[in-house]
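Just so you know, these numbers come straight off a predicted model, no measurement behind them. By convention in this document, chain letters (A, B, ...) are assigned in the order of the sequence lines, proteins followed by strands, and residues within each chain are numbered from 1.
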2 protein chains.
Amino acid sequence: MINKKIAKPSSTGECIKMLLPVRDSLDILNGKWKLPIIIALSYGSKRFKELQREISGITAKALSKELKDLEVNQLVKRAVFDTKPVTVEYTLTDYGQTLDKVIIELRNWGVKHRKRIIGK
Amino acid sequence: MINKKIAKPSSTGECIKMLLPVRDSLDILNGKWKLPIIIALSYGSKRFKELQREISGITAKALSKELKDLEVNQLVKRAVFDTKPVTVEYTLTDYGQTLDKVIIELRNWGVKHRKRIIGK
DNA sequence: CGGTATCCCTGAGGATACTG
DNA sequence: CAGTATCCTCAGGGATACCG
């Protein structure tokens, strides 16, 4: 049971109440790059190339697209500075920071999972 | 900052420690269906058709494939009963249940996100 | 019931080159 | 630096039909 206080066995109504919000979250966070980007930015604002260096394996094209998605959903803010050459800085919004608990739990599970795999 | 106790601004080393475990988790939970399946099973063991009915939009092919992935990673157990016609029951393993905190946080965030969207 | 087989198609993703 | 443009490929997902 996910939560013994709410869940009743085979209770479809309760199940739906869990499924819908989780799907809302997954729709925003889908793909392999969005959470890694958010994590990188949670350690401070970064520029495009910095992000690309830090997030191993991501291409410029993918990074560009994912940043746009995150900006549309107001998780990330883009700031352009009129230097030469131009400087662009990406910052996690306050709203983006509300994902902290989700990320912590995903990290905790990932750490345990890795131990389990190595242990075998 | 994700966690003020660990994170230092622009600390790439610390950032990596967050990125790697999260990517381990995302590798296991990738796609739009795995967490919904796990949630549905967290409300009790279910048969193939029950799952398909409960998880709105999933096709038999996708469900079949996702269940195999989850079984390989030992999050779900498959039990065949020699009735006629054959009955197959899918159950969340103890290990699968350790995802409860991840799911709770994703649900909490999804609920807040929906309120935010509707509020606009 | 519990799936597989087949076909088709979109879109994510890599490689490379190029621009303001 | 901060991307875009182009080309390509290939896995994933839907639709439909079928099988033990």
Inset, instruction - Check whether any side-chain nitrogen or oxygen of A:Arg47 sits under 4.0 Å from OP1 or OP2 of D:dA2, and answer yes or no. - result: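 Checking D:dA2 against A:Arg47, a side-chain N or O does come within under 4.0 Å of OP1 or OP2.
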
Legend entry - Residue-phosphate contact under 4.0 Å: A:Arg78 side-chain N/O, D:dG3 OP1/OP2: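 For D:dG3, OP1/OP2 do have a side-chain N/O of A:Arg78 under 4.0 Å.
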
Inset, instruction - For A:Val86 and for A:Glu66, find the nucleotide of DNA chain C with the closest heavy atom, then tell me which residue's nucleotide is more 5'. - result: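 This one resolves to A:Glu66.
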
Inset, instruction - May I ask you to say what B:Tyr90 touches in the nucleic acid, namely base, sugar-phosphate or nothing, with a heavy-atom cut-off under 4.0 Å? - result: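 If one applies the 4.0 Å heavy-atom cut-off, B:Tyr90 turns out to touch the sugar-phosphate alone, with no base involved.
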
Roughly how many Å is it from [atom1] in [X] to [atom2] in [N], rounded to a whole number?
X       : N      : atom1 : atom2 : value
A:Asn30 : D:dG12 : CG    : P     : 15 Å
A:Lys84 : D:dA2  : NZ    : P     : 16 Å
A:Arg53 : D:dG3  : CZ    : C1'   : 14 Å
B:Ile55 : D:dG13 : CD1   : C1'   : 16 Å
B:Ile58 : D:dA15 : CD1   : P     : 13 Å

Inset, instruction - Apply the test side chain to side chain contact (heavy atoms under 4.5 Å, CB included) to residues B:Lys17 and A:Arg107: give CA-CA distance (whole Å), side-chain angles for both, the deciding distance (0.1 Å), then the verdict. - result: CA-CA 9 Å; B:Lys17 284 179 189 155; A:Arg107 188 207 53 174; over 6 Å; no

Legend entry - Closest heavy-atom pair and its distance - A:Ala40, A:Leu51: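 Heavy atoms of A:Ala40 and A:Leu51 come nearest at CB-CD2, 3.8 Å.
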
Partner set under side-chain contact (heavy atoms from CB on, under 4.5 Å) for [X], not counting sequence neighbours:
X       : result
A:Ile58 : A:Trp33, A:Ile37, A:Gln52, A:Ile55, A:Ala62, A:Leu63
A:Asp24 : B:Arg114
A:Asp27 : none

Legend entry - Listed once per pair and sorted, the ring pair (Phe, Tyr, Trp, His ring centres under 6.0 Å) pairs that draw on residues 92-112 of chain A, sequence neighbours left out: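 Listed by first then second residue: A:Tyr95-B:Trp109, A:Tyr95-B:His113, A:Trp109-A:His113, A:Trp109-B:Tyr95.
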
Legend entry - All side-chain hydrogen bond (donor to acceptor under 3.5 Å, both in side chains) counterparts of B:Thr91, not counting sequence neighbours: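 Per chain and number, B:Thr91 pairs via side-chain hydrogen bond (donor to acceptor under 3.5 Å, both in side chains) with B:Ser45.
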
Legend entry - Non-neighbouring partners of B:Thr87 that pass side-chain hydrogen bond (donor to acceptor under 3.5 Å, both in side chains), sequence neighbours left out: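 Partners of B:Thr87 under the side-chain hydrogen bond (donor to acceptor under 3.5 Å, both in side chains) test: B:Thr83.
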
Legend entry - Spatial distance of atom OG (B:Ser25) from atom CD1 (A:Ile103) [nearest 0.5 Å]: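 Reported value, rounded in 0.5 Å steps: 11.5 Å.
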
Legend entry - Terminal axis angle for the helix from C:dC1-D:dG20 to C:dG20-D:dC1, five pairs an end, nearest 10 degrees: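 Rounded value for the end-axis angle: 50°.
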
Legend entry - Residue pairs passing the salt bridge (charged side-chain N to carboxylate O under 4.0 Å, His left out) test where at least one lies in residues 85-98 of chain A, sequence neighbours excluded: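 Qualifying pairs: none.
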
Legend entry - Pair listing, salt bridge (charged side-chain N to carboxylate O under 4.0 Å, His left out) test, anchored in residues 57-80 of chain A, at least two apart: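 As it turns out, the salt bridge (charged side-chain N to carboxylate O under 4.0 Å, His left out) pairs with a partner in residues 57-80 of chain A, which skip direct neighbours, are A:Lys34-A:Glu66, A:Lys34-A:Asp69, A:Lys65-A:Asp69.
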
Inset, instruction - Could you list where the contact with chain B starts and ends along DNA chain C, reading 5' to 3', using a 4.0 Å heavy-atom cut-off? - result: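 Terminal contacting nucleotides, 5' to 3': C:dC1 to C:dC7.
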
Legend entry - Sub-4.5 Å side-chain heavy-atom contact between B:Ile38 and B:Leu29: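 They are in side-chain contact.
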
Inset, instruction - Taking the side chain as every heavy atom from C-beta outward, state whether B:Lys32 and A:Leu26 have any atom pair closer than 4.5 Å. - result: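 No, their side chains stay 4.5 Å or more apart.
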
Just the atom pairs and distances: protein N or O near nucleotides 4-8 of chain D's N or O, under 3.5 Å.
residue : atom : partner : partner atom : Å
D:dT4   : OP1  : A:Lys68 : NZ           : 2.8
D:dT4   : OP2  : A:Ser64 : OG           : 2.6

Legend entry - Matching residue for B:Ile28 among B:Asn73, B:Val72, B:Leu99 - test: side-chain contact (heavy atoms from CB on, under 4.5 Å):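 Exactly one pass, corresponding to B:Asn73.
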
Inset, instruction - Scan residues 21-29 of chain A against DNA chain C and write down, sorted by residue number, each residue with any heavy atom closer than 4.0 Å; if none is found, say none. - result: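 DNA chain C contact set from residues 21-29 of chain A: none.
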
